[in-house]
Asker: 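I'd like to ask you about the structure that follows.
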Amino acid sequence: MKALEIADGIHSVGVRDWNVRDFHGYSTPYGTSYNAFLVVDEKIALIDTVKEEFTEQMLENISSVLDPKSIDLVISNHTEMDHSGAIPRLMHRIGEDKIVYCSKMGQKNLALHFGDRLRLESVENGATLSLGRRKLTFLETRMLHWPDSMFTYIEPENILFSSDGFGQHYAGYEVFDHEIEDDVMPHAKKYFANILLLYAAKVLKVLESVKKTGLDIRMICPDHGIFWKRDPGRILDAYARWSRQEPSAKAVVLYDTMWHSTEAMAETIAAGIHETGVAVRPMHLRRWHRSDVMTEVLDAAAVVVGSPTLNNGLFPTVADMLTYMKGLKPRNKVGAAFGSYGWSGESVRLVQSELEPLRWDWIEPGLRIQYRPDAKGRASCREFGRRIGQAVLALMNSEASAK
Ligand code: FEO
C-alpha cells in the first residue's frame, strides 16, 4: 500500500494485513488494516502507527511523501500494539528526542510497554496543539476500548481520527465508505459486537458529548478498515443503535452436540421459534466462530443455549462461548437453556448460572431430555421454541410501547 492523500496534505500511510485470521480470538477472514496518518503542515505529525512487524512498510509509505526524519511529532491515540508496536523503531529512525503525544493513561501504558525509551507528553481532554495552519484537538475516550484511548480531531478539515472506534477488520483496496457501500456494515457490526459492546454505555456518553461540543465531523478515520467520508453520520447512528442494544425480532440458538441429540433439540426448538414468526438461526459452535456468533447475538432478542452434559459439566465449546459472551455483557435478552444428558444432567443449570450476571429474562424451566429426543421430547422442544418466540414478541411489544 502506498501513501494516499485523503485530504489536502493529509496522507494515509498505514498498511494492510491481508493474512491475519485470528485477532486475539476474533476471526478476521478478510484480514485487517492498521491505519496511520501523516499530516504535512508547518509541523509534520504522524497520527498512530502500525504493528511492529509492519514498521518498514509504514516507513516506505511515509517516504513516498517525505523523508521520515522530517516528522516533528507523533500522536498515539491508543497503546495497543497493533497501533503502537512500531513506535520504538520509528523513533529510532526519526529521532528519539521527538515527542510522542498521548493521553495521561497512554503515558503510563506506553511506558509499561516500552520503558523509558520514549519522550512521552500527555495531553488533557480538550487540549489543542497547533501544527501551523491546522489545529489538533484531543478528546479522551477512556475505555473505548482501553483506559488510554483518545480521539484526535483536526481542523479545518474536520476529520476525526477515532482510533479503534468505528473501525472494521477489513483489508481491501477500497479506502472510503462510498467505494464499498453496504458491504462494510457487517464488518463494522462485528467489530462493535466483539470489541466495544462491553462499553456500550460509554459509547453513548461519547456520542452525546461529541454532539454537545458541536463538532462538525466531515470524515471519520478509524485505525482499522475504511474511512467514513460520504456519510459519517451512518456509522455514528449505527453505534448509537447498537449501544442502546435495541433487540430485533430474532433469536439465535447456539449449541454443541455429542451424539446429535442436543443438535436435534436445537433444530426442533428453532422450528418452534420460527412458527411464531420470529427469525431464528441455529449456530453449531464447532461450525461458527465465537466472534460471528457474537455478531448475531448483538441485536437478537433471544439467545438460546444448548449444551450436552459432559463429565458433569458444560461441553467445552459452549463453556468457551459463554465465557466470551459474558465478558461482552449483552443486555436486554430473553434467555433459554436446553440440552441432552445421559445420567447427571447439570448442563442446563450451569448455562443459566453462568449467564446469571447478564440479568436476562429466562424461559423457566430450561429443557432437559435424557439421551435422545423421542416424539414426545420433540413435541416439548417445539413447544419450548414457541414459548421463546412468544417471549420475543412480548419483548418487542414492550420496546415499541416504551418509545
Ligand atoms: Fe486496534 Fe485496540 O487496537
Asker: Between E155 and K135, is the closest basic N to carboxylate O distance under 4.0 Å?
Answerer: yes

Asker: Do side-chain atoms of S307 reach the backbone of G339 as a donor and acceptor pair under 3.5 angstrom?
Answerer: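 Judged by distance alone, no pair lies under 3.5 Å.
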
Asker: Should the pair R286-D256 be classified as a salt bridge under the 4.0 Å nitrogen-to-oxygen rule?
Answerer: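 Yes, charged N to carboxylate O under 4.0 Å.
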
Asker: Taking NZ, NE, NH1 and NH2 as the nitrogens, is one of them in R372 or D374 under 4.0 Å from a carboxylate oxygen of the other?
Answerer: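 A salt bridge is absent here (no side-chain N lies under 4.0 Å from a carboxylate O).
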
Asker: Going by atom types alone, do D48 and Y34 pair a side-chain donor with an acceptor below 3.5 Å?
Answerer: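 Per modelled atom types, D48 and Y34 side chains form no pair under 3.5 Å.
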
Asker: Can you tell me if S27 and S291 form a side-chain donor-acceptor pair at under 3.5 Å?
Answerer: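 Yes, a side-chain donor-acceptor pair sits under 3.5 Å.
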
Asker: So, D41 side chain and R134 main chain: donor-acceptor pair closer than 3.5 Å or not?
Answerer: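 Checking the backbone N and O of R134 against the side chain of D41, a donor-acceptor pair under 3.5 Å is found.
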
Asker: With a 4.0 Å cut-off, would you call E60 and K2 a salt bridge?
Answerer: no

Asker: Any donor and acceptor pair, going by atom type alone, linking the side chain of S84 with main-chain N or O of H78 inside 3.5 Å?
Answerer: yes

Asker: Less than 4.0 angstrom from a charged side-chain N to a carboxylate O is my criterion; do E181 and R230 meet it?
Answerer: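 Looking at R230 together with E181, the answer is yes, because their closest N to O distance falls below 4.0 Å.
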
Asker: One thing to verify: whether R290 and D320 come together as a salt bridge, which I'm taking to mean a side-chain N less than 4.0 angstrom from a carboxylate O.
Answerer: yes

Asker: Would you call R93 and D67 a salt bridge, taking side-chain N to carboxylate O under 4.0 Å as the test?
Answerer: no

Asker: Only one of T137, D216, N158 passes side chain to side chain donor-acceptor pair (under 3.5 Å) with Y153; say which it is.
Answerer: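 The option that passes is N158.
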
Asker: Mark yes or no for whether N312, through its side chain, and S344, through its backbone, hold a donor-acceptor pair below 3.5 Å.
Answerer: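 No, the answer is negative, given that no donor and acceptor are paired below the 3.5 Å cut-off.
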
Asker: Does E383 pair with R386 as a salt bridge, N-O distance under 4.0 Å?
Answerer: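 Judged by the 4.0 Å cut-off on N to carboxylate O distance, E383 and R386 do form a salt bridge.
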
Asker: May I ask you to decide whether K98 forms a salt bridge with D72, counting only side-chain N to carboxylate O separations under 4.0 Å?
Answerer: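 Here K98 does not pair with D72 in a salt bridge, since their nearest N and O are not under 4.0 Å apart.
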
Asker: Go through the side-chain N and O atoms of N194 and H169 and say whether any donor and acceptor fall under 3.5 Å apart.
Answerer: no

Asker: Got a salt bridge between D299 and K250, using NZ or NE/NH1/NH2 to carboxylate O under 4.0 Å?
Answerer: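 Looking at D299 and K250, the cut-off is met.
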
Asker: May I ask you to decide if T257's main-chain N or O and S261's side chain share a donor-acceptor pair within less than 3.5 Å?
Answerer: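 Answer holds: no.
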
